[in-house]
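A quick write-up on the structure given underneath.
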Protein chains: 2
Amino acid sequence: MLPSSTVENYLKAIYLGEGHLADDQRLVPMGQLASALGVAPGTATTMVKALAESGLVEYEPYNGVRLSAAGEKLAALVLRRHRLIELFLVRVMGLGWDEVHDEAEQLEHHVSDRLIERIDEMLGRPEVDPHGDPIPKADGHVARHEFDTLLTCPLGERVTVTRVTDQEAPFLRFIEQHNLMPGESIEVEARDEVSDSVRLKGRSDQRITIGMRAASKVRVSASDASSRG
Amino acid sequence: MLPSSTVENYLKAIYLGEGHLADDQRLVPMGQLASALGVAPGTATTMVKALAESGLVEYEPYNGVRLSAAGEKLAALVLRRHRLIELFLVRVMGLGWDEVHDEAEQLEHHVSDRLIERIDEMLGRPEVDPHGDPIPKADGHVARHEFDTLLTCPLGERVTVTRVTDQEAPFLRFIEQHNLMPGESIEVEARDEVSDSVRLKGRSDQRITIGMRAASKVRVSASDASSRG
DNA sequence: TGAATAATTTTGACTATCCAAAATTAAATC
DNA sequence: GATTTAATTTTGGATAGTCAAAATTATTCA
């Protein structure tokens, strides 16, 4: 039995939901799962119980759900397809990075392994997708390295944007217009709790101030000084 | 309500089923439809009645079903997606023309108009797919021109292969190996009812003898003498 | 700790799609 | 024209996925 689109979507949502959490207590609550999938809470409960039956998740009533080893591998493969398709649409088809998410959301369930392999090959076995998210390998292995966000990284130090963890088109366009895409080198000049804002110095010392909520959606890593002459 | 994959498949099957028939009495019988879709006869009946409810087909109990104007347009658009995807997979992704059918069968239901437009553009608004079948326009209009087959075309006259009307991979590989793909120029030297065979002279006077059943699956048009010096 | 609130699960019901087998209708044959 | 055969439709039932609303459990807060 190969999993239906619905099952793949549930696994993916649980996988991404777990992302926020610590390694030990990584139970995704039903409410969060239901709203991530846009279904009623009861629907999520029913479905998750079925997933638990088939061994793809572990379900703790009233507590939440977490992926089993099998479920995690499947979720990673869905994400692999999603991210390879996104990158393909941007690099080969010339679509904008803010408009490929929905398309990939559909295609990820219907592309054969054969075609995905072809895409992977054509793109040169890439490590990350257009949002900077890592692309799982064909065996389901993911290079998980966690970074600071603009909210937590050191002040006054050059950092490189690695991921943008919000896939909404308007946000992505904002990011693009202000040169905050993955790969850009920037610096956090100041943060202010009171005004809920973060001031950035971007490319060619361009200044922008953004809200803390937005800042938390931009992941960065320390720019390696040695690699920049 | 946009149509489900199932509805699209029914419409496409009826469209293709009508292809064999004359313009007036073009009713596809239920049995044929059911077996084309791989469902039980009763299932096809039920579904067709529902399609008739929504105005996509005209249903005559015990006689068969034909597409309405709306249904025909929808079917043409599904076919457009299918054929553009096939051509894309061959030309851009480098897949074999005998392995793209199944992939396209899946993707045709899940690709956005936006992406199809991109593909169409990238391929230079092509007229035909890798099997020589015409690609409907975005408005649903199809250039329908019927040709002879190797079974009916004049003997001893140069003809050009235009379509191969059997999508089975083994057959397509056979066609490819013997240089009988769309575009190739060939000549029927002889036909023999008794031995059920057709003798062909192909590229660089290569000879092959094929069965009449196979010959009927290769459509051709008269090679235009003026265009070949 | 006990009531108010929030999250979760259960229940009953619905839609789309499918099948198997019985019943019916049409077609073919004698 | 009556009967056999073939095609089609009906019937009863199954599965996957969904919702709304009632019932339950957990949590919060006074």
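Residue numbers start from 1 in every chain, and the chains themselves are labelled A, B, ... in the order their sequence lines are given, proteins ahead of strands.
- Considering only heavy atoms from C-beta on, Asp192(A) stays 4.5 Å or farther from Met212(A) through its side chain.
- Computed from coordinates, the Asn63(B) CG to dA26(C) P distance equals 9 Å when rounded to whole Å.
- In this structure, Lys73(B) places its NZ atom where only 12 or fewer heavy-atom neighbours from other residues, nucleotides or ligands lie under 6.0 Å away.
- Distance Leu33(B) CG to dT9(D) P: 11 Å, rounded to the nearest Å.
- When rounded to the nearest whole Å, the span between CG of Leu37(A) and P of dT18(D) equals 8 Å.
- What separates CE of Met30(B) from P of dC18(C) is a distance of 14 Å, to the nearest Å.
- For the atom pair OH (Tyr62(B)) and OG1 (Thr45(B)), the distance works out to 9.0 Å, reported to the nearest 0.5 Å.
- Of all the heavy atoms in Leu172(B) and Gln167(B), the pair that sits closest is CD1-O, 3.6 Å.
- Applying the 4.0 Å criterion to OP1 and OP2 of dT9(C), one finds that Tyr59(A) has a side-chain N or O inside that range.
- Between Tyr62(B) and dT10(D) there is no side-chain N or O to OP1 or OP2 distance below 4.0 Å.
- In this structure, the separation between CD1 on Ile14(A) and CZ on Arg66(A) is 11.5 Å, given to the nearest 0.5 Å.
- Considering only side-chain N and O atoms, Ser4(B) lies under 4.0 angstrom from the phosphate OP1 or OP2 of dT17(C).
- Within residues 38-51 of chain B, the residues approached by DNA chain C to less than 4.0 Å at the level of any non-hydrogen atom are Gly38(B), Val39(B), Ala40(B), Thr43(B), Met47(B), in residue-number order.
- Between the P atom of dT8(D) and the CG atom of Leu27(B) lies a distance of 11 Å, rounded to the nearest Å.
- Of all heavy-atom pairs between Val90(A) and Trp97(A), the closest is CG2-CA, 3.8 Å.
- Taking the C1' atoms of five terminal pairs at each end of the helix from dT1(C)-dA30(D) to dC30(C)-dG1(D), the two resulting helix axes are inclined by 0°, rounded to 10°.
- If you measure from atom CD of Glu60(A) to atom C1' of dA7(C), you get 16 Å, rounded to the nearest angstrom.
- Put simply, CD on Glu8(B) is 16 Å from C1' on dT17(C), counting in whole angstrom units.
- With contacts defined as side-chain heavy-atom distances shorter than 4.5 Å, the pair Asp129(A)/Ile85(A) does not qualify.
- Checked by atom type and distance alone, the side chain of Arg81(B) never pairs as donor or acceptor with a backbone atom of His109(B) at under 3.5 Å.
- Checking dT8(C), dT18(D), dT9(D) against the side-chain heavy atoms of Tyr10(A) singles out dT18(D) as nearest.
- Closest non-hydrogen pair, Val142(A) versus Ala76(A), comes out as CG2-CB, 4.2 Å.
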